[in-house]
Chemist: 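Below: one structure in structure tokens.
Each chain gets a letter, A, B and so on, in the order the sequences are listed, and its residues count up from 1.
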Amino acid sequence: MNALRRHRALTRIWASEGGWKGWFTTVSHTDLGRMFMLVSAFYFVLGGILAMLIRAQLATPHSAFMGPEVYNQVFTMHGTFMMFLFAIPMFEGMAVYLLPKLLGTRDLAFPRLTAYGFWCYVFGGAMLVFALLAGIAPDKGWVMYPPLSSTLGSPGINSDFWLIGITFVEISAIAAAVEITVTILRYRAPGMKLTEMPIFAWYALIAALMILTGFPPLILGSILLELERAFGLPFFQVTAGGDALLWQHLFWLFGHPEVYIIFLPAAGAISTVLPVMARTTLLGYGWVVAAAVALGVLSFGLWVHHMFTTGIPHMGLAFFSAASTLVAVPTAVQIFAWIGTLWKGRPQLKLPMLWLLGFFATFVMGGLTGVMVAIVPFDQQVHDTYFIVAHLHYVLIGGFVFPILAAIYYWVPHVTGRRTFFKLGQVAFALVFVGFHGTFLIQHLAGLLGMRRRIDTYPDGAGWEAMNLLSSVSSFLLAIGFALVIVDLTINALVAGRGRRNPWGAGTLEWAMPTPAAAYNFASLPRVGGPDPLAADPDIALRIARGEGYLGDPSRNRRETLVLDVTTAEPRHIVVYPGNTALPIRMALVTGVFFLAMLVKAYWIVPLAAVGVIGCALYWAWSLGSKRAEGPLPVGHGLSLPTSAEVVDPPGWWGSVFLLLADGTFFGSLLFGYAFLWTIAPNWPPSSYMTPGWVGPALAVLSLVLVPLGLLLRGRALGVGLAAAGLLALFLSALTLLIALPDPSAHAYDATLWVLGGYVMLHAGLALAMALFVLCRMRAGFVSVPGESAVLRLWASYAVATGAVALTVAWLPGWVG
Amino acid sequence: MKDLLRISLPITLWLISFSAIYGLHGLVCSARWAALGNGLAPAAALAVAALVALVLQGIAVVLVYLSPAGSVRMRFVSRALAIVALVALVWTVLPVAFTTSCI
């Protein structure tokens, strides 16, 4: 079979449906990556327009442009759009588009999950856009501090849009994070060991793991605040045993890692693009990996630096001041690695390089002000002033937007297949650079002179008038610059001539394919031996096209790729992907109904929608696997491998591991919240602790016996049945908690136990549903049962372990007291 | 996976120790500490916790150095991160020695 016939056969197998239907049924990472990036660019424009409204309002004192009610919505939605609907999804889009190509595989680990995440993002974002257009947008700042954001301070529906809409969008982030992690660990070109994979993959892996551990505290906080708003559960109300500071801890436990989740992928882009621009390789690959890991983990120890003015003791302040200054070190290691790369290379001042130089100047300045605000006495002067606004824009625009624009200009020839044609781009860069510094540099001074954040106007004679006018005029330059970037890219995509493959002379695998990319990425999967396969073997693209790699024979007529061993990078099994389907968008719509029902307080719809989501999930899972054992199949180079339906660690097992990492972080945050309230909140203890009785503990002990026993009997229906019985006992045990505390709105203690009980019931119920699913699969004769049983073992063990901990901490005060 | 655990465990241990010491700080400075019938002074409790954390972190460094080889690059990354974690712990728990406990 020659290259052209192979291309046509693979295109028939992998292509998305034609016409408008294709948008809704595609599961291709290439399509979905582009869609993610386009929608996130839309939100960048929307957030930018809101920024222009802010600057128009603040250009002069006592401006009548916007009243305070509208202004509060505008600045809240500016922050919300930029942080949740632009920055993270742009990273997701880039990772979804690039990773399979960089790693030398055909798609991400779970294509339908990519599509589901995308549509959850679109529908969740649409809720927030609707709120903005209807004038009922969230208006308490993107940080949503109670009591201002709770029932007393925010009685309307505005804050509910934030809490529910953002939680909906976060499904997309968690889904993408699970995918990215599993794909990087197991879906690479044979021979591509972890220490030899493209540096962007390391950054994406670290950012994905950070999403899995950083987002759950915010999801918990959002659920608790919504429960308080909707049902009066007083987590944040001091009079009933709550504490508003609990929200701040939960929010910033997410919020600080969030900004590093935003920075790290941009740093990954810099580490990829800069060496190519300098016509050399990255200096200090090992140092950069170590610095990125250090940055990722250290960033979880900084969160209280957002709370330096909340009255915590000196030692606590000092802990976080020390950690916050420390984080500059791994950041600096990366900066020096990049400078060293430029030093040893021969840099060319092409357009991506201009944006990288802009990054260096801007981000380093932002980092320096970051070290300043890490010093407590200084921060206590500038907290909630425009100094902080200036700092955050320097690090976010300098540290994310500039590198991402460099990355977009670098990879746009890959996306469009067109020649680089960036004349307007240079003008745009100049306008953005000058406009940015004109807007934000002066705001440092305004903050030091006392201008506070989030004010809709300021008085005459405050001394801030000229600074604000300069800032506002410059912001229009900045906006024109960004608009020119969009015009430039659009013109390029529409009219530039066909380009040659690999116009930058890069060494990574994404350039070893025709551009725009074919639906299947690689006609065959190459064996590689280093991070720059194209540099090591310039003919690799031809060999791939000729089918000389693995899986070069499309005669099985289905979508296949290889899964590798994590460490040795040797092929282990074949994954057979599902084809185009509307199931993801349907499931996202049903999920949307679930969230919308809560928003409009039509609570009777909520359980129906939940059943709908579960039904979709069961259908989703049922469509995988097969009743016929195929045995080992040839993949090329004399190797035969089983399909993932016939192994005990299928990709779904790995996906579950990382989803449980996120779930475990959520549970840990819940325990932290309980401990925090018990220790710190005024008005504790409650009037009485619940006495556990004997029914609940007896059921819990029964579950602790039955579930492990059942799981030990691997592969047998009796074992699954015993585990199911144990999970039912666990569910009922947790139910006794709720029955014993009939009024969760009485005190934060009661409310917390309700949430703990609800958590155990949810997980026991989920694992029980999985057990019943496995029993049905056994009856139907699916060969994938061993792998599915492995997934069940994970979830059942997790349910029992967290159930035991949750029930113990719930009952302990009653036993002891 | 062992390589990934080797590189990430020492710095994760730092995060756990740091968070535990901060949590302990919250506990020893609350009314709960005396109510738990604990006569140990807050500063002493924090000092003990910091010392335990330092010992554990030191053990982690030794274990990483002694553990069997991955690739040369993985060995470098895991050792570098183990040292970083130890330095991070020393730096971030210094306040135990130099600041007032509960004011």
Chemist: Which one of B:Thr100, B:Val28, B:Val96, B:Ile103 satisfies the side chain to side chain contact (heavy atoms under 4.5 Å, CB included) criterion with A:Met315?
Modeler: B:Val96
Chemist: Is it the backbone or the side chain of A:Leu185 that comes under 4.5 Å from a heavy atom of chain B, or both, or neither?
Modeler: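 For A:Leu185, the contact with chain B is made by the side chain alone.
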Chemist: Under 4.5 Å from any heavy atom of chain A, what part of B:Phe76 do you find: side chain, backbone, both or neither?
Modeler: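 For B:Phe76, the contact with chain A is made by the side chain alone.
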Chemist: Can you tell which part of B:Leu4 gets under 4.5 Å to a heavy atom of chain A, answering side chain, backbone, both or neither?
Modeler: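 Side chain of B:Leu4 only, per the 4.5 Å heavy-atom cut-off to chain A.
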Chemist: Is it the case that A:His305 and A:Ser324 place a side-chain donor and acceptor less than 3.5 Å from each other?
Modeler: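 Yes.
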Chemist: B:Ile11 versus chain A, heavy atoms under 4.5 Å apart: side chain, backbone, both or neither?
Modeler: both
Chemist: Which residue out of A:Val566, A:Thr679, A:Ile680 racks up the most heavy-atom pairs below 4.5 Å with chain B?
Modeler: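 Most heavy-atom pairs under 4.5 Å with chain B: A:Thr679.
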Chemist: Which residues in residues 246-254 of chain A have any heavy atom lying under 4.5 Å from a heavy atom of chain B?
Modeler: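 At a heavy-atom separation under 4.5 Å, chain B is reached by A:His249.
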Chemist: State, to 0.1 Å, how close B:Val84 and A:Ala294 come at their nearest heavy-atom pair, and which atoms those are.
Modeler: CG1-CB, 4.2 Å
Chemist: At a 4.5 Å cut-off on heavy atoms, which part of A:Leu209 comes close to chain B: side chain, backbone, both, or neither?
Modeler: neither
Chemist: Examine the side chains of A:Tyr689 and A:Trp815 and answer whether a donor and an acceptor come within less than 3.5 Å of each other.
Modeler: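 Per modelled atom types, A:Tyr689 and A:Trp815 side chains form no pair under 3.5 Å.
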Chemist: Identify, with sequence neighbours excluded, every residue that meets salt bridge (Lys or Arg N to Asp or Glu O under 4.0 Å) alongside A:Asp649.
Modeler: A:Arg186
Chemist: When you compare the side chains of A:Trp678 and A:Thr752, does any donor N or O come within less than 3.5 Å of an acceptor on the partner?
Modeler: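 Checked: A:Trp678/A:Thr752 side chains show no N/O donor-acceptor pair below 3.5 Å.
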Chemist: Please name the pair of heavy atoms, one in B:Ser17 and one in B:Leu89, separated by the smallest distance, quoted to 0.1 Å.
Modeler: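 Scanning both residues completely, I find the closest heavy atoms to be CB-CD1, 4.0 Å.
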Chemist: Taking side chain as everything from C-beta outward and backbone as N, CA, C, O, which of these in A:Leu326 sits under 4.5 Å from a heavy atom of chain B? Side chain, backbone, both or neither.
Modeler: both
Chemist: Between A:Gln334 and A:Tyr203, is there a side-chain donor-acceptor contact under 3.5 Å, judged purely by atom types and distance?
Modeler: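 The criterion, which ignores hydrogens and geometry beyond distance, is satisfied for A:Gln334 and A:Tyr203.
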Chemist: Look at the aromatic rings of A:Tyr749 and A:Trp684 and report parallel, tilted or perpendicular, splitting at 30° and 60°.
Modeler: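 Perpendicular, since the angle between the ring planes exceeds 60°.
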Chemist: Before we go on, tell me: are the rings of A:Phe320 and A:Phe308 under 6.0 Å apart, centre to centre?
Modeler: no
Chemist: In terms of heavy-atom proximity below 4.5 Å to chain B, should A:Val304 be classed as side chain, backbone, both, or neither?
Modeler: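 Side chain only.
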Chemist: Where does B:Val72 contact chain A at under 4.5 Å (heavy atoms): side chain, backbone, both or neither?
Modeler: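 Answer is neither: B:Val72 stays 4.5 Å or more from chain A.
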